[in-house]
Q: 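One structure coming up, written as structure tokens, with questions to follow.
Predicted model only: the values in this text are computed from it and were never measured. The chain is numbered in sequence order, starting from 1.
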Amino acid sequence: MLIIGPTGVGKTYLACALAHKACREGHAALYFRLPRLLQELALARGDGRYVSLLKTIARADLLVLDDWGLKGFSAEQQHDLLEILEDRHGLRSTLITSQLPVDHWHELITNSTVADAICDRLVHNGYRITLKGESMRKMKNKLT
């Protein structure tokens, strides 16, 4: 599932609500802000936890990757994402939130073959929700 929309419209809120519902139904869910997950994978590669971390991510029934596309991905990060998505493809659910429209995702991934593989696993096999409107934070400020 892809949840796309501008800052503050509730992408993370909705993703977490869906993950919470999955947990209440007995499914294991993992939530990561994508920039932090990529940092964690780099550290895990250095201290020997890389394979173990990939297995943990692969076992989760629902993986939430929040803030996809804040910046481009390095070659190593592209490989990491493809490994994660390949392990999960057709077996487990992945939910991505992003401010960046899907038609711009190829620009984040410099290796066009990897970009095709990642986008194929995410875009063509899932539901897409596009949120619009004002920032909830901005609206909340107006109320107080």
Side-chain angles (χ1 to χ4, degrees), residues 1-140:
M1 176 178 285
L2 308 175
I3 303 175
I4 312 297
T7 300
V9 294
K11 298 178 300 292
T12 300
Y13 182 85
L14 180 56
C16 288
L18 292 169
H20 186 255
K21 176 62 174 166
C23 291
R24 290 178 59 99
E25 297 290 325
H27 301 283
L30 277 176
Y31 168 90
F32 290 101
R33 282 193 61 254
L34 187 56
R36 290 217 177 121
L37 173 60
L38 295 172
Q39 288 175 342
E40 184 64 27
L41 287 164
L43 290 172
R45 186 178 281 108
D47 67 16
R49 295 179 299 116
Y50 184 74
V51 173
S52 175
L53 181 55
L54 286 179
K55 285 180 184 177
T56 299
I57 293 168
R59 280 193 305 263
D61 296 315
L62 172 61
L63 173 64
V64 177
L65 298 177
D66 194 15
D67 287 335
W68 175 281
L70 293 180
K71 65 178 188 169
F73 302 115
S74 70
E76 188 174 83
Q77 292 170 337
Q78 293 172 44
H79 176 265
D80 290 343
L81 288 171
L82 183 56
E83 286 299 314
I84 289 168
L85 296 173
E86 180 60 29
D87 287 347
R88 303 180 59 74
H89 182 67
L91 302 171
R92 304 279 191 261
S93 298
T94 304
L95 191 159
I96 306 264
T97 71
S98 181
Q99 294 179 37
L100 191 66
V102 173
D103 53 336
H104 293 283
W105 285 14
H106 266 78
E107 299 165 15
L108 300 171
I109 305 167
T110 55
N111 181 324
S112 61
T113 304
V114 174
D116 287 343
I118 288 173
C119 289
D120 184 60
R121 284 160 179 78
L122 290 174
V123 176
H124 304 300
N125 294 316
Y127 297 99
R128 191 181 311 185
I129 298 173
T130 302
L131 300 178
K132 297 178 181 173
E134 291 255 358
S135 168
M136 291 171 55
R137 294 176 197 98
K138 184 178 179 182
M139 290 175 21
K140 183 180 175 186

Q: Do Thr12 and Ile3 pass the side-chain contact (heavy atoms from CB on, under 4.5 Å) test, and can you show the C-alpha distance, the side-chain angles, and the key distance before you say yes or no?
A: CA-CA 9 Å; Thr12 300; Ile3 303 175; over 6 Å; no
Q: Is there side-chain contact between Glu107 and Leu100, with at least one heavy-atom pair below 4.5 Å?
A: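 No, too far: nothing below the 4.5 Å cut-off.
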Q: Is there side-chain contact between Val114 and His79, with at least one heavy-atom pair below 4.5 Å?
A: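 The answer is no; the side chains never approach within 4.5 Å.
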Q: Check whether any side-chain N or O of Ser135 sits under 3.5 Å from a backbone N or O of Val9 as a donor-acceptor pair, and report yes or no.
A: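 No, the answer is negative, given that no donor and acceptor are paired below the 3.5 Å cut-off.
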Q: If you count every heavy atom of other residues, nucleotides or ligands that lies below 6.0 Å from His106 atom NE2, does the total exceed 12?
A: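 Atom NE2 in His106 is packed in, count exceeds 12.
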Q: Which pair of non-hydrogen atoms, one from Phe32 and one from Ile57, has the smallest distance, and what is that distance?
A: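 Closest heavy-atom pair between Phe32 and Ile57: CE1-CG1, 4.2 Å.
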Q: Of the non-hydrogen atoms in Ala42 and Glu76, which two are nearest, and what is the gap between them?
A: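 Closest heavy-atom pair between Ala42 and Glu76: CB-OE1, 4.2 Å.
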Q: Locate the shortest heavy-atom distance separating Ser74 from Gln77; write the atom from each residue and the value.
A: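 So the two residues come closest at N-OE1, 2.9 Å.
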Q: To the nearest 0.5 angstrom, please state how far the CD atom of Glu40 sits from the CG atom of Leu37.
A: 8.0 Å
Q: Testing the basics here: between Thr7 and Gln99, what is the closest heavy-atom pair and its distance to 0.1 Å?
A: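 Nearest heavy atoms, Thr7 then Gln99: OG1-OE1, 3.0 Å.
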Q: Taking the ring centre of each residue, are Phe73 and Trp68 less than 6.0 Å apart?
A: yes
Q: Closer than 3.5 angstrom, by distance alone: can the side chain of Trp105 be matched with the main-chain N or O of Ala115 as a donor-acceptor pair?
A: no
Q: Determine whether Arg121 and Thr94 make a side-chain contact, defined as any pair of heavy atoms from C-beta on separated by less than 4.5 Å.
A: no
Q: Hey, could you give me the CD/OG1 distance between Gln78 and Thr110, rounded to the nearest 0.5 Å?
A: 4.0 Å
Q: Ignoring hydrogens and geometry, is there a side-chain-to-backbone donor-acceptor pair from Asp61 to Ala29 under 3.5 Å?
A: no
Q: Can you confirm whether more than 12 heavy atoms, excluding those of Arg36, are under 6.0 Å from its CZ atom?
A: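 Incorrect, the count does not exceed 12.
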Q: What distance separates Leu63 CG from Arg88 CZ, expressed to the nearest 0.5 Å?
A: 4.5 Å
Q: Find the distance between CG (Leu95) and CG (Leu14) and round it off to the nearest 0.5 Å.
A: 7.5 Å
Q: Is the closest side-chain heavy-atom distance between Leu43 and Arg49 below 4.5 Å?
A: yes
Q: Provide the closest heavy-atom pair for Lys11 versus Pro6 in the form atom of the first, atom of the second, distance.
A: NZ-O, 2.8 Å
Q: Hey, what do you get for CG (Leu70) to CG (Leu38), rounding to the nearest 0.5 Å?
A: 10.5 Å
Q: Provide the closest heavy-atom pair for Thr56 versus Leu30 in the form atom of the first, atom of the second, distance.
A: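 Taking Thr56 first and Leu30 second, the nearest heavy atoms are O-CD1, 3.8 Å.
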Q: Taking the side chain as everything from C-beta on, heavy atoms only, tell me whether Met1 gets closer than 4.5 Å to Ile129.
A: yes
Q: Below 4.5 Å, heavy atoms only, C-beta onward: do Leu34 and Leu81 meet side chain to side chain?
A: yes
Q: Could you grab the distance from atom CG of Leu2 to atom OG1 of Thr97, nearest 0.5 Å is fine?
A: 10.0 Å
